[in-house]
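Here's the structure, in C-alpha cells; my notes come after.
Everything quoted here is computed from the prediction, not taken from an experiment.
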Number of protein chains: 2
Amino acid sequence: MDNTTIHDTERKILEAARKVFIAKGMHGARMQEIADEAGINKALLHYYFRSKDKLFQAIFRETFQELMPKAMGIFTTEGTFEDKLRLFVSNYIDTINKNHFLPVFVFNEINQNPEMLTEFVDALKPLQQVMAAELQKKVASGEYSAINPVQFFSNVMAMTLFPFLAKPLLTNAFAMSEEQFNAFVDERKVLIPEIMLTYLKTVK
Amino acid sequence: MDNTTIHDTERKILEAARKVFIAKGMHGARMQEIADEAGINKALLHYYFRSKDKLFQAIFRETFQELMPKAMGIFTTEGTFEDKLRLFVSNYIDTINKNHFLPVFVFNEINQNPEMLTEFVDALKPLQQVMAAELQKKVASGEYSAINPVQFFSNVMAMTLFPFLAKPLLTNAFAMSEEQFNAFVDERKVLIPEIMLTYLKTVK
DNA sequence: GTCTATATTGTGATAGAC
DNA sequence: GTCTATCACAATATAGAC
C-alpha cells in the first residue's frame, strides 16, 4: 500500500471531522461526536491524528482550498471577459451551493485565528491577478471605465457569497422555503455579472 | 435605584462579556476570561447571570440589534432615493467600522444556532420594506428598471459587509496596512451606491 | 454583593489488552 | 489497527463565609 493510498478508516475520520467541524466550528466540535459520526472510538482519532488541533488543521486546509474559487481555468480559456465573468459566478455559486456552511465556517475560523493564513497567503492573489489583467485590457482599450481591481473582485465575491453567509437570516426574514432560496440564488448567476458589467460599461 | 439602572458591576460584566464573546464566539469564550476582563471573579458572573448561556443570550441580543442597520430614519426623511442610499451605505460602513468583528460573529452564531432567530424574525423586514417601497416608486415612474427588492437589498448589504467579513483575507492577500484597509473601505461609500444606481438607471 | 473554596461534569488525550 | 478503561485537567456551576 503506497503512501498515496488513504486507509478507509482515515477517510471515514476525515469525512466525519469535516462534517462536524464545519457545522460546529473548531471550539464547538467534540472529538466524541466526530468518532460517533465516523463509527469508531475516540482513541482511533488520536491514533491517526495526534490531536484535535492537528485534525482540525487537516480539515481546514482542504476546506479553505475548496472555498477559494477555481477561476484560473476559466480566465485563461478563450472567450470574452463578459462570458468568463458569467461562467465564473455561475460555477462559483454552484460550488458553494453544495455546502452552504463553507463560507461562514472559513471566515469565522480565519477571524478567530488569522495566523493560520500565513500558510495560504498566496491563495487569493493569482485569482485576483488573472481577473485584474483581463479587466485592465478592457480599460486600456477604452471599453470599460477604470476601477480598482481589488474593489471589483471584492464586489463579485461579496455578492456571490453573501446569500450563503446570511442564509438563515434571509430565509427567516423573507419567509423563503428551500426552493425559493435556491431560485433566489440561481437568479443571481445572471444578476451579479449584469450589475458589474453595466457599471463597467456605463460609468465615465 | 430603579429597575432601569444597571449596576456598575453588571455593566462591567456586560462589557467584558461582549468583548470576549465577539472575539472568541460562544464556544471559544471562557467564563474565567470574562471575569478577568471585568476585574471580578467567576462566581459573580453566575450571580448576575445564571449561566454562560444566559450571559451569551444577553450579549447576542444586543449585538444582533447593532448589526441590523438603522435605516428607517434615513429612508423616512426628505431627499432623493440616491441620496438616501448613499447616506445609508456611508452610515452603515461607519457603524461596522467601529467593530470589525461584529458581522462574522453574528453570522457565525446564527448559522450554528438558527433557532435563535425566531426572536428576531422581524428585524430585517421593516428595513427591507421601507427600502423596497422607495425603490418601487422609482420603478413605477419609469426612472428605474425593475429589480427584485430582496436582490437589491442583498447586494447592498453584501457589498457593504463583505470587507469586514473577509478582512484578514483581504489585508493578507493584498498586503494592506490598517490605513490602506480603511481607505479601501472608505472608497466603497461612493462605489457601492454608484454601482447599484448605475444598474437601476441603465438596464432595460 | 463579593469573595474563596469546592463540587461536578465535560473533554482531550493516553495506557495497555487484544 | 482497534478497542475499553482511565487519566488529567479544563470549565461551568454552586456552597458558604464575610
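- A salt bridge is defined here as a Lys NZ or Arg NE, NH1 or NH2 lying under 4.0 Å from an Asp or Glu carboxylate O, and A:Asp8 with A:Arg11 fails to meet this definition.
- You'll find that the side chain of A:Tyr48 is closest to D:dT2, out of D:dT2, C:dT2, D:dA13.
- Between A:Arg30 and C:dG12, a side-chain N or O to OP1/OP2 separation shorter than 4.0 Å is present.
- One atom, CD of B:Gln32, and another, P of D:dA10, lie 12 Å apart when rounded to the nearest Å.
- A straight line from NZ of B:Lys42 to P of C:dT8 spans 15 Å, rounded to a whole angstrom.
- Look at CZ on B:Phe49: it is 12 Å from P on C:dG1, rounded to the nearest Å.
- Residue A:Leu45 is out of contact with every strand shown, counting any heavy-atom pair closer than 4.0 Å.
- Atoms CE (A:Met31) and P (D:dA10) sit 17 Å apart, rounded to a whole Å.
- Taking 4.0 Å as the cut-off between side-chain N and carboxylate O, B:Lys201 and B:Glu82 count as a salt-bridged pair.
- Checked against C:dC3, D:dT2, C:dG12, the side chain of A:His46 finds its nearest nucleotide in C:dG12.
- In this structure, the CG atom of B:Leu55 is 12 Å from the C1' atom of D:dT12, given to the nearest Å.
- For the pair B:Lys167 and B:Phe181, the cation-pi test (distance below 6.0 Å, angle within 45°) is passed.
- When rounded to the nearest whole Å, the span between NZ of A:Lys54 and P of C:dG12 equals 16 Å.
- Using a 4.0 Å heavy-atom distance criterion, B:Ala29 is classed as a sugar-phosphate-only contact.
- Closest approach to the A:Ala43 side chain among C:dA13, D:dT12, C:dT14 is made by C:dT14 (side chain taken as heavy atoms from C-beta onward).
- OP1 or OP2 of C:dC3 has at least one side-chain nitrogen or oxygen of B:Asn41 nearer than 4.0 Å.
- Rounded to whole Å, the distance from CG on B:Asp36 to P on D:dT12 is 12 Å.
- Here B:Arg18 pairs with B:Glu66 in a salt bridge; the nearest charged N to carboxylate O distance falls below 4.0 Å.
- Between B:Glu10 atom CD and C:dG1 atom P there is a gap of 9 Å when expressed in whole angstrom units.
- Side chain of A:Tyr47, nearest nucleotide from C:dG12, D:dG1, D:dA11: D:dG1.
- Contact annotation: B:Thr9 reaches the phosphate of C:dT2 (side-chain N/O to OP1 or OP2, under 4.0 Å).
- The listed nucleotides are D:dT2, C:dC3, C:dA13; the one nearest the side chain of A:Leu44 is D:dT2.
- Figure legend: A:Lys138 and A:Tyr144 shown as a cation-pi pair, the cationic atom lying under 6.0 angstrom from the six-membered ring centre and within 45 degrees of its axis.
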